[in-house]
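Read through the structure below, which is laid out as structure tokens, and then see the notes.
When a ligand or atom number is given, it counts from 1 through the structure's own listing order.
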Amino acid sequence: MTEHSFDLVILGGGPGGYVAAIRAAQLGWSVACIDENEQLGGTCLRVGCIPSKALLESSERYHEALHGLAQHGVKVESLDLDLAQMHRRKTQIVKTLAQGIDGLFKKGKVTRFLGRGRLDGPGSILVTSQDGELSLTAKDILIATGSRPAPLPGVEVDGDRIGTSTEALAYDRVPEHLVVIGAGYIGLELGSVWRRLGARVTVLEALDRILPGMDLEIAQAAHQIFKKQGIEFRLQTRVQQAVVQDDRCVVRCEDADPMEADRVLLAIGRVPNTDDLGLDRVGIQVDRRGEIEVAENFATKVPGIYAIGDCIQGPKLAHKASHEALACIERLAGGYGHVDYNTIPGVVYTHPELAAVGQTEEQLKEEGREYRRGVFPMMASGRAQTLGETDGKVKILADAQTDRVLGVHILGARAGDLIAEAAAAMSFGASSEDLAHLCHAHPTLAETLGEAALALHQRAIHIPSTPRVQA
Ligand code: NAD
């Protein structure tokens, strides 16, 4: 068996693994990256963030042409949906970006192995591919194997009628009735896509609210908007079974009549890819969720083996994985690497978008922390009016004594871009007063952040405020 030796071998070529590979190569290390998929980029690029955002953009344009352009004085005489072209565009974007990573690997002299990697002992990895087995040795090993959709007992995923996000990104026809299990990130994003393209969409959610983890006030406001968009919700509805019967999907829930659909999307979370990695061969244990336990520097209990991204604790987000990748490599190189988990933003790319960073109001209440809140409605923004994007609001939460920003929650157009300012402010330990003093260009949506910060001090300009006595 051929044996190859490297400074660093990375299992997984997703936003954790490939970013780590590029950075390590910049440092002059010999680096190998193993991934069993022809296209690099992981779930995020192949069947996650990127293709879903491509479809969200295309479906939003279709919906806008159908329902939104007339108010701008733009008449559309006839309109056709070319779903095949929508998918071609999505596929091309994925291809371009995956080729980009290939190019970066070549320029950086990262060695790519196409196959499945397994730990074979400390410092030793076995790669199984179509061509047989290869043995690699490494000074350090980084596990960045990501996650996969969580299964639900009773829901018989057949990869066609009953599927996960992977299938929902590729339906070749607009479903008549799509039942979505789970009102989380994936359920709402992909539910939105197919609703805009004309499907009846019913979202079944076990809890009494959508988007658990997001600030409740913001999630409830979003819920009302999604209902107006025609998405049907059944809360406190725990799905127990979904099967295909006589060419129809039948979904059964606790305390409810069975429901029929022509497609079912299962989106109840993700589980780490940590089985079949040979972890037991080297003595690495996983917790009850299957996640690898790591120390602050991403080191596992076994010297020389590190782990980052969806296969360890924390939110399952591509940018969290990339951030950990950089921090891990910097620390391995003896430099400074740190991830501030409190300032990792989360974005739901519905229309309007939801974006958040820091703590929710519920978390602050639970902690018993004294805080103040400033809220500014998108309706009062000149830019939002010109865009015709007046749904939503910005909420800033700050410590009552120090005024330090503790959380920012946005529902509105381009919230995912706006949250960057809040994340930067929180990373620098800003107060809400600091945000209020920033000069935002006019007219921009970013002004709503400044106004929400002013509102926290009862000084907002474009909504009525009762000022506290000023010095
Ligand atoms: P999620 O954790 O966001 O939401 C899952 C939902 O399913 C929850 O509301 C949960 O209460 C519900 N649920 C669980 N069991 C149920 C049952 N039996 N019946 C009905 N409802 C049930 O999970 P997701 O949407 O699958 O997304 C997985 C992860 O992928 C997310 O946590 C996120 O980290 C990541 N993701 C991020 C983005 C983004 O950044 N925009 C997009 C997609 C996915």
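- Residues Tyr62 and Leu79 form a side-chain contact, since some pair of their non-hydrogen atoms from C-beta on lies under 4.5 Å apart.
- By the 4.0 Å N-to-carboxylate-O rule, Asp82 lies too far from Arg89 to be salt-bridged with it.
- Residue Ile181 touches ligand 1 through its side chain alone, judged by heavy-atom distances below 4.0 Å.
- Contacts with ligand 1 closer than 4.0 Å are made by heavy atoms of both the backbone and the side chain of Ala206.
- Per-residue contacts place Arg238 under 4.0 angstrom from the following atoms of ligand 1 (heavy atoms of the residue considered): 18 (N), 19 (N).
- Near Leu317, meaning under 4.0 Å from any of its heavy atoms, are these atoms of ligand 1: 34 (O), 37 (C), 40 (O).
- Note that the CD1 atom of Ile231 and the CD1 atom of Ile210 stand 8.5 Å from one another [nearest 0.5 Å].
- A salt bridge does not link Arg238 to Asp255: none of the charged side-chain nitrogens sits closer than 4.0 Å to a carboxylate oxygen.
- Considering backbone and side-chain atoms alike, Gly269 places an N or O below 3.5 Å from some N or O of ligand 1.
- Residue Thr237 places a heavy atom less than 4.0 Å from ligand 1.
- In terms of protein heavy-atom proximity, atom 1 (P) of ligand 1 is nearest to Gly184 CA, 4.0 Å.
- Remark: minimum distance from atom 15 (N) of ligand 1 to any protein heavy atom is reached at Ile268 CG2, 3.6 Å.
- Looking at Leu449 and Ile410, their side chains come closer than 4.5 Å, going by heavy atoms from C-beta outward.
- The distance from ligand 1 to the heavy atoms of Arg270 drops below 4.0 Å at these ligand atoms: 28 (C), 29 (C), 30 (O).
- Given atom 32 (O) of ligand 1, the protein heavy atom at minimum distance is Tyr185 CD1, 4.3 Å.
- Note: an N/O pair closer than 3.5 Å links Val347 and ligand 1 by distance alone.
- Atom 12 (C) of ligand 1 has as its closest protein heavy atom Glu205 OE1, 3.3 Å.
- For Lys53 and Glu189, the salt-bridge test passes: some basic side-chain N is under 4.0 Å from an acidic carboxylate O.
- Among protein heavy atoms, atom 19 (N) of ligand 1 sits closest to Val239 N, 3.1 Å.
- Under 4.0 Å from ligand 1, not a single heavy atom of Gln240 appears.
- Ion pairing between a basic and an acidic side chain is recognised when a charged N comes within 4.0 Å of a carboxylate O; Asp276 and Arg116 show such pairing.
- Put simply, the side chain of Leu406 does not reach to within 4.5 Å of the side chain of Gln363, judged on heavy atoms.
- Lys393 and Glu217 are joined by a salt bridge, as a carboxylate oxygen and a charged side-chain nitrogen come within less than 4.0 angstrom of each other.
- For atom 43 (C) of ligand 1, the closest non-hydrogen atom of the protein is Ile186 CG1, 3.3 Å.
- Less than 4.0 angstrom separates some heavy atom of Leu207 from each of these atoms of ligand 1: 11 (O).
- Of all the atoms in ligand 1, the ones that sit under 4.0 Å from a non-hydrogen atom of Leu204 are 20 (C), 21 (N).
- Between Leu152 and ligand 1, a contact under 3.5 Å exists for no N or O pair.
- When only interatomic distances are considered, the shortest N/O to N/O separation between Pro315 and ligand 1 does not fall below 3.5 Å.
- Distance from atom 34 (O) of ligand 1 to its nearest protein heavy atom, with residue and atom name: Lys316 O, 2.7 Å.
- Close approach of ligand 1 to Pro212 (heavy-atom distance below 4.0 Å) involves ligand atoms 8 (C), 9 (O).
- For the 3.5 Å distance criterion, the side chains of Glu330 and His338 fail to qualify, holding no donor opposite an acceptor.
- Applying the 4.0 Å criterion to heavy atoms of Tyr349 picks out, from ligand 1, the atoms 41 (N).
- The shortest side-chain heavy-atom distance between Arg289 and Val271 does not fall under the 4.5 Å cut-off.
- Residue Ala267 approaches ligand 1 through these ligand atoms, each under 4.0 Å from one of its heavy atoms: 5 (C), 6 (C), 7 (O), 24 (P), 25 (O), 26 (O).
- Tyr171 and Trp194 have tilted rings, their planes meeting at an angle from 30° to 60° on a 0 to 90° scale.
- Put simply, SG on Cys253 and CD1 on Ile181 are 7.5 Å apart, with the number rounded to the nearest 0.5 Å.
- With respect to atom 7 (O) of ligand 1, the closest heavy atom belonging to the protein is Gly182 CA, 3.2 Å.
- Looking at Asp280 and Arg118, no side-chain N of the basic residue comes within less than 4.0 Å of a carboxylate O on the acidic one, giving no salt bridge.
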